[in-house]
Each structure stands twice: as structure tokens, then as C-alpha cells.
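Here's the structure, in C-alpha cells; my notes come after.
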Amino acid sequence: MAGALDGRVALVAGATRGAGRGTAVELGAAGATVYVTGRTTRERRSEYDRPETIEDTADLVSEAGGHGIAVPTDHLDRAQVRTLVERIDSEQGRLDVLVNDIWGGEKLFDWDAPVWEHDLDDGLRLLRLAVETHAITSHHALPLLLRNPGGLVVEMTDGTAEYNARNYRVSFFYDLAKSSVLRMAFGLSRELGPRGATAVALTPGWMRSELMLDAFGVAEENWREALTEQPHFAISETPRFVGRAVAALAADPEVARWNGDSLSSGGLAREYGFTDLDGSRPDAWRYLVEVQDPGRPADVTGYR
């Protein structure tokens, strides 16, 4: 993919860590100029209180071969988002790729509480962070993206439309948030398609994000040690895998064929031929349906 996105400009909204960081780095590796946003900077941490910063992400983008630009942004603040887009317009005069990866809800949902027992303030803030931020960002960024034909919008979520339609995801507020993002991608596709742009929903599989690795008490170098606790973690993937999916979509001259679709990193790996960092192609959602959900023993043969 080196050079495939030379001259292209991307905004990865919510790029501090996880899928956003992996996507920003892979867009940079393909040659793009990538604006990365988030609330955690080297001077200020968000309520996540995590060490990752958007400046670190921007550095990784540049190290990969692109041009990373960190812009601290709270995507619930309309004025900050408007200023962000105005800066991109002033500095670049274009926007080719928008990745809406804003989330921030890891500490706001309860796996066990039904809606009437769930903390209501937490649940409503989760919806604001996971849904309202995407709408605000699209509202301000899409006029710039539509200035040139061929633009791409990626709504990052958890689960494919098919899987989420059949399965209750975690809890009321989590399920509602992730399903809403899927529908947002569909709605955007209907508005952008006739205007020469493409919108898709995209989900990673079981991702070895910084938070997930910490939860298992492992690092990327020894992640397989977590399999003693959770054997199905063998199907997991790095955040760079879904990033390569976004880069492949952005470089595809026929990307409009996916307009309105719900896509997965594993499914796109089969289509475009990219791999994860270890050379494998984990197909987590097929594995989930065929192995994990039916209660079969963990065995990733044929799935990565």
C-alpha cells in the first residue's frame, strides 16, 4: 500500500488508541496526510486516564510514512469540530477520508444491569459519546469531503449488521449505540452516494487494543499467554488489521460498490488480500458464529 494514498487527506476522529490509532497509522503507511483527534494529549488526560495520546498517534503516522497532525478535539463540542474542519480546509483544501471512530464508552456500560438498573447518566453519556459525536463530526466535515469526488466515510462500530440484528450486544445502551452507528452509515450512504462519495460501516474483530491487552495482563509480544484464561482469544487481531481494511477501501477506485454496506476487517482481508502484522487473516465474525457462539472448543484452524 506504500504510496497508494499519496496526496490524500484523512481525518480519523477518535485516534488516541485502539482501532482509531491503527487506522491512522495504516493510512499514513499508504502515504496519506492524517489529522488525528481525541481528548487525551500529553498535557491533559481524558476520564479514561490512559497513557496513550494523540500526539503519539501522530508521530506513529509520520514514522509509518505519512504526515500525522494531532488536533485536540472534543467531538461533543460543535465549535471545536467546526474549527477542526476549518483548519483542515485552510491547510489542505480537501478531505478525502473521514473515519468516525469516536467512542469513549468503556467505563460507562454495565454488562449485567438491565436498563432500569443501569446508571442512567452513564448510559446517556455513552450514547452522546458514541452517536452524537459522529453526527456532529459528519455535519461539519462532509461539505469539505464532498468538494472532490470519490470521498470515503467509515463509521467504525462493533459487530456487523447481520450479527447485531440477531444478537443482543452486552447491554441496552451498548447495543443501542453500536446498532445506531450501523444505521448512521446506511443513512449517510443514501445522502453521499448520489453526490459522488461512499459511506460504509466497518467492524474489527476481537481486537488486541491497549485496553484489552491490559485486561488480560499481557502485551502484544506475549498475547498468546492470555489463551489459558480465554482460549477463543486466539482469533484476536491487532488494531492495524482494521486499519489496513480502511486503507484498502480508501485506495480502491471502485469503493462505491460497498456504499451502504456493513463490512468487517476479516471479510475485507479476503477481498483485498491484506494480512495482519503476523501475516494471518483472522476472520473473527465468522469464527464467532461458527465456533464460539455454539460453544465449540476453541480452534482457529481455517479462520486465520
Side-chain angles (χ1 to χ4, degrees), residues 1-77 80-104 129 133-134 136-137 140-141 144-145 151-154 156 202 204 207-211 213 220 238-251 277:
M1 293 292 296
L5 298 179
D6 284 352
R8 306 280 283 280
V9 178
L11 166 59
V12 181
T16 311
R17 60 186 68 84
R21 172 173 284 190
T23 296
V25 172
E26 288 298 333
L27 288 170
T33 293
V34 187
Y35 286 78
V36 298
T37 66
R39 294 175 296 155
T40 299
T41 69
R42 290 171 182 163
E43 288 73 40
R44 179 182 179 275
R45 291 193 181 191
S46 73
E47 66 268 25
Y48 265 45
D49 195 28
R50 294 279 310 177
E52 302 87 14
T53 71
I54 56 170
E55 293 93 342
D56 293 339
T57 300
D59 287 346
L60 290 170
V61 171
S62 297
E63 291 168 11
H67 181 200
I69 303 171
V71 184
T73 306
D74 181 346
H75 285 263
L76 280 175
D77 187 321
Q80 289 188 37
V81 178
R82 184 187 309 112
T83 299
L84 164 69
V85 175
E86 289 172 350
R87 174 177 171 177
I88 297 172
D89 189 8
S90 174
E91 294 178 352
Q92 310 296 334
R94 64 185 298 133
L95 179 64
D96 302 288
V97 181
L98 168 63
V99 181
N100 270 326
D101 184 55
I102 313 146
W103 166 230
L129 287 170
T133 55
H134 290 223
I136 290 171
T137 305
H140 288 290
L144 179 56
L145 182 135
L152 172 67
V153 177
V154 177
M156 200 74 73
L202 177 62
M207 192 172 58
R208 294 197 300 276
S209 66
E210 298 88 348
L211 278 77
L213 291 171
E220 180 58 31
T238 74
R240 299 279 290 275
F241 191 52
V242 75
R244 290 178 175 183
V246 175
L249 288 168
L277 298 181

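As a basis for the values below, the full set of heavy atoms in this structure was taken, side chains included, without hydrogen atoms, waters or symmetry mates.
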(message) If only side-chain N and O atoms count, and only distance matters, is there a donor-acceptor pair under 3.5 Å linking R208 with T238?
(response) no

(request) Find the distance between NE2 (H140) and CG (D89) and round it off to the nearest 0.5 Å. (result) 14.0 Å

(request) Could you tell me which non-hydrogen atom of A250 sits nearest to which non-hydrogen atom of L27, and how far apart they are? (result) CB-CD2, 4.4 Å

(message) For T57 versus T16, what's the shortest heavy-atom pair and its separation?
(response) OG1-O, 3.3 Å

(request) Sequence neighbours left out, what pairs pass salt bridge (Lys or Arg N to Asp or Glu O under 4.0 Å) with at least one residue falling in residues 28-41? (result) R39-E47

(request) Side-chain contact test, heavy atoms from C-beta onward, threshold under 4.5 Å: evaluate it for V9 versus V97 and give yes or no. (result) no

(message) So does V71 get a backbone contact from the side chain of T37, meaning a donor-acceptor N/O pair under 3.5 Å?
(response) no

(message) Using modelled atom types and a 3.5 Å cut-off, is there a donor and acceptor pairing between side-chain atoms of D96 and backbone atoms of A10?
(response) no

(message) How close do S209 and G18 get, counting heavy atoms only, and between which atoms?
(response) CB-CA, 4.2 Å

(request) Kindly indicate, with the supporting measurements, whether the criterion side-chain contact (heavy atoms from CB on, under 4.5 Å) is fulfilled by V242 and M156. (result) CA-CA 10 Å; V242 75; M156 200 74 73; 3.9 Å; yes

(request) Taking the side chain as every heavy atom from C-beta outward, state whether R21 and L60 have any atom pair closer than 4.5 Å. (result) yes

(request) Applying side-chain contact (heavy atoms from CB on, under 4.5 Å), name anything that partners T53, two or more places apart in sequence or on another chain. (result) T40, R42, E55, D56

(request) Please name the pair of heavy atoms, one in G20 and one in V12, separated by the smallest distance, quoted to 0.1 Å. (result) O-CG1, 3.5 Å

(request) May I have the step-by-step check of side-chain contact (heavy atoms from CB on, under 4.5 Å) for T83 and Q80, ending in yes or no? (result) CA-CA 5 Å; T83 299; Q80 289 188 37; 5.7 Å; no

(message) Using only atom types and a distance under 3.5 Å, with no angle test, would you say the side chain of T23 pairs donor to acceptor with the backbone of A19?
(response) yes

(message) Show the nearest heavy-atom pair for residues A15 and V36, with the distance to one decimal.
(response) CB-CB, 3.7 Å

(request) Check R87, H67, Q92 against Y35 for a side-chain hydrogen bond (donor to acceptor under 3.5 Å, both in side chains) and give me the one that passes. (result) Q92

(message) Just verifying a value: how many Å separate H75 NE2 and I136 CD1, rounded to the nearest 0.5 Å?
(response) 9.5 Å

(request) Identify which one of I69, T33, V34 satisfies the side chain to side chain contact (heavy atoms under 4.5 Å, CB included) criterion when paired with V61. (result) V34

(request) Calculate, to the nearest 0.5 Å, the distance between atoms CD and CZ belonging to E210 and R50 respectively. (result) 6.5 Å

(request) Check whether any side-chain heavy atom of P72 sits under 4.5 Å from a side-chain heavy atom of E43, and report yes or no. (result) no

(message) Please report the interatomic distance CZ(R82) to OG1(T137), rounded to the nearest 0.5 Å.
(response) 12.5 Å

(message) Let me confirm one number: the CG-CG distance from L98 to L144, rounded to the nearest 0.5 Å.
(response) 10.0 Å

(message) Ignoring hydrogens, what is the shortest heavy-atom contact between S62 and G68? Give both atom names and the distance.
(response) OG-N, 3.0 Å

(message) For the CG atom of L11 and the CD1 atom of I88, what is their distance to the nearest 0.5 Å?
(response) 4.5 Å

(message) Just so I know, are the side chains of R240 and V25 near enough to count as touching, which here means a heavy-atom distance under 4.5 Å?
(response) yes

